Novice: 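Have a look at this one before I ask anything.
Atoms considered below: every heavy atom in the structure, side chains included; atoms not considered: hydrogens, waters and symmetry mates. Chain A is the first sequence line, chain B the second, and so forth, proteins listed ahead of strands; every chain is numbered from 1. Model, not experiment: these values are computed from the prediction.
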2 protein chains.
Amino acid sequence: MKCSSSDIPTALRSAAIEFSHPRGSYIFRTGTPSSGVFFVTCGEVRLMRRGRQGEEIVLHHARTGEFFAEASIDSARYHCDAIAVQPTTVLKVSAHKLVRLLAEDPQFAAQWVSLLSGQLRATRMRVERLSIKSAAERVRHLLVTNGTGPRCEVQVRGSLKDLASELGLSHEALYRTLSTMQRDGQIERHGRELRLIR
Amino acid sequence: MKCSSSDIPTALRSAAIEFSHPRGSYIFRTGTPSSGVFFVTCGEVRLMRRGRQGEEIVLHHARTGEFFAEASIDSARYHCDAIAVQPTTVLKVSAHKLVRLLAEDPQFAAQWVSLLSGQLRATRMRVERLSIKSAAERVRHLLVTNGTGPRCEVQVRGSLKDLASELGLSHEALYRTLSTMQRDGQIERHGRELRLIR
DNA sequence: CGTCGCATTGATATCGCTCAAATCCGGTGG
DNA sequence: CCACCGGATTTGAGCGATATCAATGCGACG
């Protein structure tokens with residue numbers, strides 16, 4: 001089980017406390033006084049709200065390496081539920097510590113702004129990716145925008161099933177798309193590494 | 001033509017310069033040294049990149065009241081093109097002024113973090129919305145997450161065609177979906193106002 | 001070994017996209 | 001004042017891509 005806690009500013013790391021949550025447990029609930037920002041070091045968290053008829057409205061999926069509830073410093077209470085979809089460990093940073101760091105440590109403030117800006121940019125790219133209709137074009141978009149080097153290499157995090165859900169596809173559709181693209185000479189696949197050809 | 005410049009911290013407003021761009025003109029180009037962050041006070045801007053075969057990859061649409069290139073303080077050059085899709089006026093804040101403000105004005109830093117957090121949250125919701133397969137469920141998700149009041153009212157910005165593209169649907173599909181939902185008593189429509197029933 | 005989850009491929013159904021045509025509406029110019 | 005025009009809206013018909021259901025192989029892990 002791969003775990004990571006990269007991309008977390010060191011100033012925050014020292015202020016953080018680690019928690020473990022079994023699959024299906026609540027990390028926080030709607031209406032609870034907001035206690036801070038969370039980093040997923042391992043696992044997966046779903047942020048959701050319940051509609052009037054009790055239907056689920058998913059607001060966000062936070063996966064390993066991502067953070068969530070970063071807006072909790074702006075509101076006194078959480079306005080959604082956070083549920084561990086997998087066995088999950090999170091780092092929690094209290095809101096007031098974050099606020100104090102932002103106010104007192106300009107260097108940290110810059111880091112935090114950087115982090116938010118980067119996430120925003122990445123998320124916007126995801127939006128554009130998801131508004132592409134063709135499955136093959138989505139994969140291509142992922143490689144072009146997230147790939148490194150001249151060949152647009154991408155190391156798939158987790159399983160192809162995870163990648164499929166990130167791309168908004170059924171896993172079957174992704175499998176099929178990848179094999180056709182490979183057969184047509186559009187991409188190369190070696191293990192969980194994807195490369196663009198041409 | 002409605003124009004607004006709300007949501008812009010006053011500290012920024014004074015550091016900003018206004019520019020007007022006719023439809024189709026470039027606000028900046030890929031590779032250009034990054035000169036700052038932009039707010040759309042009127043119009044619409046498309047951020048795009050060219051793929052390896054010259055195909056267009058749209059990264060983001062910034063509309064009236066939104067900002068873009070907020071990550072330009074982290075990179076020396078723009079890595080996409082910004083094109084005015086409509087006649088557009090923007091406020092431009094230079095990166096170094098923004099950085100200085102962040103370092104020297106803790107109150108402004110907090111505002112900026114707030115702004116980024118809010119945009120990030122909204123964009124994440126859009127991601128979840130776009131990964132829903134059913135058109136009706138996308139509309140419902142929009143109403144529940146963006147609606148105000150007990151009835152989840154939403155004032156459509158611009159045309160229904162614009163809404164369709166925001167929802168990742170063809171405009172025909174959106175028209176049909178809205179009428180079926182209305183016929184089935186799921187929503188109400190009055191002009192460009194949408195409401196959820198029940 | 002047995003089980004569980006991922007990966008893969010097949011068959012079928014369905015929903016939304018595309019093309020097409022008609023209407024409506026606001027604005028513009030004569 | 002009215003005719004005209006362009007864009008938005010609406011509805012129809014047919015098709016195609018992806019979801020869904022299903023079955024199988026495979027590897028890890030207890």
Novice: Looking across every strand, which nucleic acid part, if any, lies under 4.0 Å from Ser159(A) by heavy atom: base, sugar-phosphate, or nothing?
Specialist: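 Sugar-phosphate, backbone atoms only, no base.
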
Novice: Using atom CD of Gln86(A) as one end and atom C1' of dC4(C) as the other, report the distance to the nearest whole Å.
Specialist: 14 Å

Novice: Take the protein atom NZ of Lys161(B) and the nucleotide atom C1' of dT10(D), then report the distance between them rounded to whole Å.
Specialist: 12 Å

Novice: Reckon Tyr175(B) has a side-chain N or O less than 4.0 Å from the OP1 or OP2 of dT9(D)?
Specialist: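 So the side-chain polar atoms of Tyr175(B) do come within 4.0 Å of the phosphate oxygens OP1 or OP2 of dT9(D), strictly under.
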
Novice: Specify the closest pair of heavy atoms between Ser72(B) and Tyr78(B), including all atoms of both residues, with the distance to one decimal.
Specialist: CB-CE2, 3.8 Å

Novice: In terms of side-chain heavy atoms, does Thr64(A) have a donor or acceptor partner in Arg157(A) at a distance below 3.5 Å?
Specialist: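 No, Arg157(A) and Thr64(A) have no side-chain donor paired with an acceptor closer than 3.5 Å.
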
Novice: When the distance from CD of Glu172(B) to P of dA8(D) is rounded to whole Å, what number comes out?
Specialist: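 In whole Å, dA8(D) P lies 12 Å from Glu172(B) CD.
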
Novice: Kindly point out which of dT8(C), dC6(C), dG16(C) is positioned nearest to the side chain of His171(A)?
Specialist: dT8(C)

Novice: Would you say Arg183(A) places a side-chain N or O within less than 4.0 Å of OP1 or OP2 belonging to dT9(C)?
Specialist: no

Novice: Rounded to the nearest 0.5 Å, what separates atom CG in Leu130(A) from atom CZ in Arg126(A)?
Specialist: 6.5 Å

Novice: Taking atom types as modelled, is there a side-chain donor on Asp162(B) or Ser165(B) under 3.5 Å from an acceptor on the other?
Specialist: no

Novice: Both Ser179(A) and Lys133(A) contact DNA chain C. Taking the nearest nucleotide for each, which residue is further toward the 5' end?
Specialist: Ser179(A)

Novice: Counting distance alone, no hydrogens or angles: does the base of dT18(C) have a donor or acceptor under 3.5 Å from a partner atom on the side chain of Arg176(B)?
Specialist: yes

Novice: Whole-Å distance between dA7(C) C1' and Asp162(A) CG?
Specialist: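 The distance from CG of Asp162(A) to C1' of dA7(C) comes to 13 Å, rounded to the nearest Å.
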
Novice: Can you measure Leu163(A) atom CG to dT8(C) atom C1' for me and round it to whole angstrom units?
Specialist: 16 Å

Novice: Could you work out which one of dT8(C), dA19(D), dG16(C) sits closest to the side chain of Ala173(B)?
Specialist: dG16(C)

Novice: Select base, sugar-phosphate, or nothing to describe what Thr177(B) touches, counting heavy atoms under 4.0 Å on all strands.
Specialist: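 The residue Thr177(B) makes no contact with any strand.
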
